[in-house]
2 protein chains.
Amino acid sequence: MKKVSLKDIATAAGVSTALVSYVLTNKEKEARIGEEMAKKIREIARQLNYQPNHIARSLKSGKSFTIGLIMADISNAFFASIARVIEDEAKRNNYTVIFGSSDENVDKSQDLINVLLNRQVDGLIITPTEGSEKQIAWLQEQKVPFVLIDRYFPTFPTNHIAVNNFESAYEAVAHLVHAGRKRIGMIAYETTLHHISERKRGYLEAMKDHRMEGAEKRLKTARYAHLKTDIRAAIDQLCTGPERADAIFFATNSLAIEGLKYINELRIRIPDILAVIAFDEGEAFDLFYSPVTYIQQPIEQMGKEAVRVLLEQIKDQKKIIENIYIDTTLVIRQSCGTKH
Amino acid sequence: MKKVSLKDIATAAGVSTALVSYVLTNKEKEARIGEEMAKKIREIARQLNYQPNHIARSLKSGKSFTIGLIMADISNAFFASIARVIEDEAKRNNYTVIFGSSDENVDKSQDLINVLLNRQVDGLIITPTEGSEKQIAWLQEQKVPFVLIDRYFPTFPTNHIAVNNFESAYEAVAHLVHAGRKRIGMIAYETTLHHISERKRGYLEAMKDHRMEGAEKRLKTARYAHLKTDIRAAIDQLCTGPERADAIFFATNSLAIEGLKYINELRIRIPDILAVIAFDEGEAFDLFYSPVTYIQQPIEQMGKEAVRVLLEQIKDQKKIIENIYIDTTLVIRQSCGTKH
DNA sequence: AAAGTATGCTTAAACGTTTAAGTTTGCAAG
DNA sequence: CTTGCAAACTTAAACGTTTAAGCATACTTT
């Protein structure tokens, strides 16, 4: 069953395709189409169930009405939720979303950028990986509209949507201090990515401001590719000896999940022996026997803003760069031993 | 910065675009291109950093090398994981994925189908919603290649990837019986979707075969749109009175998560007072104080098969319908009180 | 020397749209 | 009775590819 095209309608109506095009794109006024004819064409289009060919349109207009979405890993709850919001929001604006997962890997990221640009996406929403500065800079040179989300590079200005990582981390650590914890540790990723650095900085500053000793030595990192083993090692180090930590701040939900699994195995009681705070949400945190206090990122807002900024960028290339910072909320549960 | 096209290369090389096209699509042999010239063209293409325009190609070939993915909700861990696998697998085959969430809503589903088909996707992978039979039947009439995943309609044959829902549910309930549970309940969705019906049937059959009383009255359902309240009501009914259930089988991960939250609130101890089994995975299940026994669906395999079947279908329209059934694994943890 | 054929390239149409620039007809104004 | 102009269409080019068909030129055959 062949698709019906403008030509089919034109033939059926005994007119040129141009006329049909004008009518079906509601340009009757500008093109001074007769009322009779317009009605007739519309009727035929309806009968034949005409569906415009988006590809032909894109070729002509140079716009695909498609957004490319590059996330670190769509199967991760945080990114999946963002993807969800972005798709909804894009759809509301008649855009469609193509996605891919970079796995925090520079080469995959480059590959995805290439694939998506070849597909003529009108713009990109990206959670950039470590070491992808050059790729991002190149996008900027090429004047490809894009927005970074979750992370960004402080060294050069780009559109980005981020959360106030420093303050959020600071606040989380302060909360632990006020809950009476003395030996607070942190587990983060081993990365130079700015959002993680900021979280680390928030931890260190808060520790300093509250005159807590040994922050540096209690700041552990894990490699993305060796999450499980590295986290276990970190926790082993943190939770043994006379100076064992009485609180851990996890820089990320995946770190927290892995960490809590091991803490469970070790039968370290929370919050009695150890207090815990995590960045990001996770349904697992709700179900944990001691519901986990966490820093809640406003996912809905982040996704919507990302789409908004990107679409504005697409509409008007020379538009000024927008940096959106959104505040998080510290959701206090029982994992720090405080009831509010 | 304008994109370079075949014409640019042709001009630079002083030849026709046809020649360039032949070279860059490696048809030199068939088109008898001179070695010298081929080398020269390739070099120029490299220098200008030529990237083929996918849209133009699609228009010409009538193929977009794009798959449409319609999931119930991409922010749900199960679907997100499937989406992840599908995207990876599609990419390996030089396909790209556009996605959308139907929210278990027929109208949204129809809307997504329209949007994706207008985008000229070459085929669809769908988790069909309740009541979408007509849409699916229409796709079949229109000879649009598609594969259903997770669910399907037994009333008419379609390509689909499914799990042996009946047997899995049966096995889960049998496991509960062998663990000594007497009053086993089930909480499912209120839906006519076949995969859920099969899970219910598995429960009922297993109960009958093991001579367990009161299965019907202990089979509760919750509406997707009123998950929280309905689940609470169901659990209230199941877990009170002298005949209170000593086990609950959740038909889905979202049901289980919501259910466990409430069970936690009620301070019903697992597995002492209540045993629990869930369909699907969830990191929350690992972290639960009594790690949850669950039916593990082979997500990777499901996603890969879906892509395989779809691509075969795209290649050869008259290909016979494929129904893939994949076995699940019952992952036994502590939530049923048994250690293996 | 004529015919055939291999080689290397060009032409042109096509995919389904959009849209600027015609063309034709009728009618009012000069 | 021109001329002007509005109304209602049509033509044709363009977007960037692909690909069948065509056209020289040179090299073999007989």
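A note on names: the letters A, B, ... follow the listed sequences, proteins ahead of strands, and every chain is numbered from 1.
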Peer 1: Between dT18(C) and Ser21(A), is there an OP1 or OP2 to side-chain N/O distance shorter than 4.0 Å?
Peer 2: yes
Peer 1: Once you round it to whole Å, what is the distance between P of dC9(C) and CG of Leu6(B)?
Peer 2: 16 Å
Peer 1: What is the nucleic acid contact for Thr25(B), judged by heavy atoms within less than 4.0 Å: base, sugar-phosphate only, or nothing?
Peer 2: sugar-phosphate
Peer 1: Touch check for Ser5(A), heavy atoms < 4.0 angstrom, all strands: base, sugar-phosphate only, or nothing?
Peer 2: sugar-phosphate
Peer 1: Inspect the contact between Glu87(A) and Arg92(A) and indicate whether a charged nitrogen and a carboxylate oxygen are less than 4.0 angstrom apart.
Peer 2: no
Peer 1: For the pair Lys40(B) and Glu36(B), find out whether any cationic side-chain nitrogen is under 4.0 Å from an anionic carboxylate oxygen.
Peer 2: no
Peer 1: Starting at the 5' end of DNA chain C, which residue's closest nucleotide do you reach first, Ile55(A) or Gly14(B)?
Peer 2: Gly14(B)
Peer 1: Among dC9(D), dT11(D), dT7(C), find the nucleotide with the atom closest to the side chain of Met37(A).
Peer 2: dC9(D)
Peer 1: What's the closest nucleotide to the side chain of Ala56(A) if the choices are dT17(D), dT17(C), dT10(C)?
Peer 2: dT17(C)
Peer 1: Any carboxylate oxygen within less than 4.0 angstrom of a Lys/Arg side-chain nitrogen, looking at Asp103(B) and Arg84(A)?
Peer 2: yes
Peer 1: Counting heavy atoms from C-beta on, name the nucleotide in dT18(D), dT17(C), dT10(D) closest to the side chain of Arg57(B).
Peer 2: dT18(D)
Peer 1: Check the distance between dC9(D)'s C1' and Glu28(A)'s CD and give it to me in whole angstrom.
Peer 2: 14 Å
Peer 1: Would one find a side-chain N or O of Lys27(B) under 4.0 angstrom from OP1 or OP2 of dT19(D)?
Peer 2: yes
Peer 1: I'd like to know if Lys304(A) pairs up with Asp88(A) as an ion pair, taking the criterion as any Lys NZ or Arg NE/NH1/NH2 lying under 4.0 Å from an Asp or Glu carboxylate oxygen.
Peer 2: no
Peer 1: Go through dG22(D), dA12(C), dT10(D) for me and flag the one nearest to the Arg32(B) side chain.
Peer 2: dG22(D)
Peer 1: Is it true that Glu322(B) and Arg308(B) make a salt bridge, defined as a side-chain N closer than 4.0 Å to a carboxylate O?
Peer 2: yes
Peer 1: Could you check how far NZ of Lys7(A) sits from P of dT18(C), rounded to whole Å?
Peer 2: 15 Å
Peer 1: Nearest whole Å is fine: how far is dC9(C) P from Glu35(B) CD?
Peer 2: 11 Å
Peer 1: Is Lys60(A) side chain donor-acceptor paired with the dT18(C) base, going by distance under 3.5 Å alone?
Peer 2: yes
Peer 1: For the pair made of NE2 in His54(A) and P in dG16(C), what is the distance, rounded to whole Å?
Peer 2: 16 Å
Peer 1: Going by modelled atom types, is there a donor-acceptor pair between the base of dA7(D) and the side chain of Tyr22(A) at under 3.5 Å?
Peer 2: no
